Amino acid sequence: MKNKPYLIISNDDGYTAGGINFLIETLRPMANLLVVAPDQPRSGQGCAFTPTAPLRVKLIREEEGLRIYACNGTPVDCVKIAVNELMERQPDLIIGGINHGDNASVNAHYSGTMGVATEAALQGFPSIAFSLCNHSANADFTPLRPYLIDMTFKAIAMGMPPFTCLNINFPNRPKFEGVKICRMAKSRWVNETVRRTHPYAGDYFWLVGECVDLEAEATDTDRWALAHGYVAVTPTTLDVTATGMIDILKGSF
């Protein structure tokens, strides 16, 4: 067991979600797994963490080469607990997912699943995030199996430059056209709120909306790849510096 890769897994759909359990089932025969995931769904948490309340973890399952914990915090909290308190040795890779729903384009900024990969990269560990473009609790993850294995071990062998991770999204299809290495599409959420009135408590709001592609004709983006049946692999950097503005600002300030 010591010769197998050591992987840390988390998500934002909770430890009972179909996606993370399919990932565990797929990778368990060939890796030692530490799973620390939220005790309930916490989608849209992004890189949020919990500085104002106690964090608790509960051991759910323990077998040779596998430990699963539930945490009452965010996905980022789960990674922090895993790497600071629970891991047995340096992980070869930290994985977020498999998410129920895509995390392509601007969604990557909101995603708790991408938050797992981002936090791992901030901590200095190689990381990837897997997502399927299907929000259903009963989504079929079977077509992903060979890709999950192949991409996990390629990511381990390749390694990651500091402060980078991979955002990998799968179209909701029984068979994929192939894999596209692509950039993040520019998009924007619009019509995001619905106002309703409670008969006794006044107005309240639901967050809804639709994601609008701002460059629909571009063929090198993650949204194009998914729309055409390809697995979208987007290398992601955590350095948010707008390098193109540095010289402009030097001349203006």
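Hydrogens, waters and symmetry mates are skipped; everything else that's a heavy atom, side chains included, is used. The model shown is predicted, which means the values in this text are computed figures rather than measured ones. Along the sequence shown, the residues carry numbers beginning at 1.
Aromatic ring centres of Phe170 and Phe176: separated by under 6.0 Å.
For the residue pair Tyr147 and Arg145, no side-chain donor N or O sits within less than 3.5 Å of a side-chain acceptor on the partner. Side-chain polar atoms of Asn103 and Ser131 form a donor-acceptor pair below 3.5 angstrom. Counting only N and O atoms by type, the side chains of Thr241 and Asp239 include a donor and acceptor under 3.5 Å apart.
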Return all side-chain donor-acceptor pairs below 3.5 angstrom for residues 199-211, not counting sequence neighbours, or 'none' if the list is empty.
| from | atom 1 | to | atom 2 | distance (Å) |
| --- | --- | --- | --- | --- |
| Asp203 | OD1 | Thr197 | OG1 | 2.7 |
| Asp203 | OD2 | Arg195 | NH1 | 2.9 |
| Glu210 | OE2 | Asn191 | ND2 | 3.2 |

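His135 places no side-chain N or O within donor-acceptor distance of the main-chain N or O of Gly101, the cut-off being under 3.5 Å. Checking side-chain atoms of Asp102 against main-chain N and O of Asn134 turns up no donor-acceptor pair under 3.5 Å. Panel note: side chain Asn72, backbone Arg56; a donor-acceptor pair is recorded below 3.5 Å. Panel note: side chain Thr74, backbone Asp77; a donor-acceptor pair is recorded below 3.5 Å. No donor-acceptor pair closer than 3.5 Å links the side chain of Thr221 to the backbone N or O of Ala185. The closest donor-acceptor contact from the side chain of Asn169 to the backbone of Phe130 lies at 3.5 Å or more, if one exists at all. Checking side-chain atoms of Asp150 against main-chain N and O of Pro146 turns up no donor-acceptor pair under 3.5 Å. Not one N or O on the side chain of Thr164 forms a donor-acceptor pair closer than 3.5 Å with the backbone of Met160. Glu215 places a side-chain N or O within donor-acceptor distance of the main-chain N or O of Lys186, the cut-off being under 3.5 Å. Judged by distance alone, with hydrogens and angles left aside, the side-chain atoms of Ser105 form no donor-acceptor pair with the main-chain N or O of Asn107 at under 3.5 Å.
The shortest heavy-atom contact between Gln90 and Tyr6 is O-CD2, 4.0 Å. Contact record, His100 with Gly19: NE2-N, 2.9 Å, taken as the closest heavy-atom pair. Across Cys133 and Leu226, no two heavy atoms sit closer than the pair SG-CD1, 3.9 Å. The two residues Leu166 and Pro235 make their nearest non-hydrogen contact at CD2-CA, 3.8 Å. Minimum interatomic distance between Ser10 and Pro75 (heavy atoms only, all atoms of both residues): OG-O, 4.2 Å. Of all heavy-atom pairs spanning Val76 and Gly46, the tightest one is CG2-O, 3.9 Å.
Using a 4.0 Å cut-off between charged nitrogen and carboxylate oxygen, Arg42 and Asp12 do not count as a salt-bridge pair. Residues Lys80 and Glu85 are not paired through a salt bridge, judged by the lack of any N-O separation under 4.0 Å between the basic side chain and the carboxylate. Taking the charged nitrogens against the carboxylate oxygens, Asp220 and Arg223 have no contact shorter than 4.0 Å, which rules out a salt bridge.
The CG atom of Asn99 sits 13.5 Å away from atom CD1 of Ile168, with the distance rounded to the nearest 0.5 Å. Atom-to-atom distance recorded for Arg67:CZ and Asn32:CG is 10.5 Å, nearest 0.5 angstrom. Once rounded to the nearest 0.5 Å, the distance linking CD1 of Ile8 with CG of Leu34 reads 5.0 Å.
Taking the ring centre of Tyr69 as origin, the terminal cationic atom of Lys58 falls outside the region bounded by 6.0 Å and 45° from the ring axis.
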### Query
Passes side chain to side chain donor-acceptor pair (under 3.5 Å), Asp140 versus Thr142? Steps please.
CA-CA 6 Å; Asp140 181 12; Thr142 306; 2.7 Å; yes
### Criterion side-chain contact (heavy atoms from CB on, under 4.5 Å) on Phe125 and Met87, from CA distance to verdict
CA-CA 13 Å; Phe125 301 110; Met87 71 181 188; 4.1 Å; yes
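In the hydrophobic cluster analysis, where Ile, Leu, Val, Met, Phe, Trp and Tyr join through side-chain heavy atoms closer than 4.5 angstrom, Met151 is grouped together with Met158. When hydrophobic clusters are built by joining Ile, Leu, Val, Met, Phe, Trp and Tyr residues whose side-chain heavy atoms come closer than 4.5 Å, directly or via intermediates, Leu144 is grouped together with Leu7. Transitive grouping of hydrophobic side chains (ILVMFWY, heavy atoms separated by less than 4.5 Å) keeps Leu122 and Leu86 in distinct clusters. Follow the hydrophobic side-chain contacts under 4.5 Å out from Leu132 and you reach Leu27 in the same cluster. The hydrophobic cluster containing Ile98 also contains Ile156, counting ILVMFWY residues as joined when their side-chain heavy atoms lie under 4.5 angstrom apart, directly or transitively.
Partners of Glu217 under the salt bridge (Lys or Arg N to Asp or Glu O under 4.0 Å) rule, at least two apart in sequence or in another chain, do not exist in this structure.
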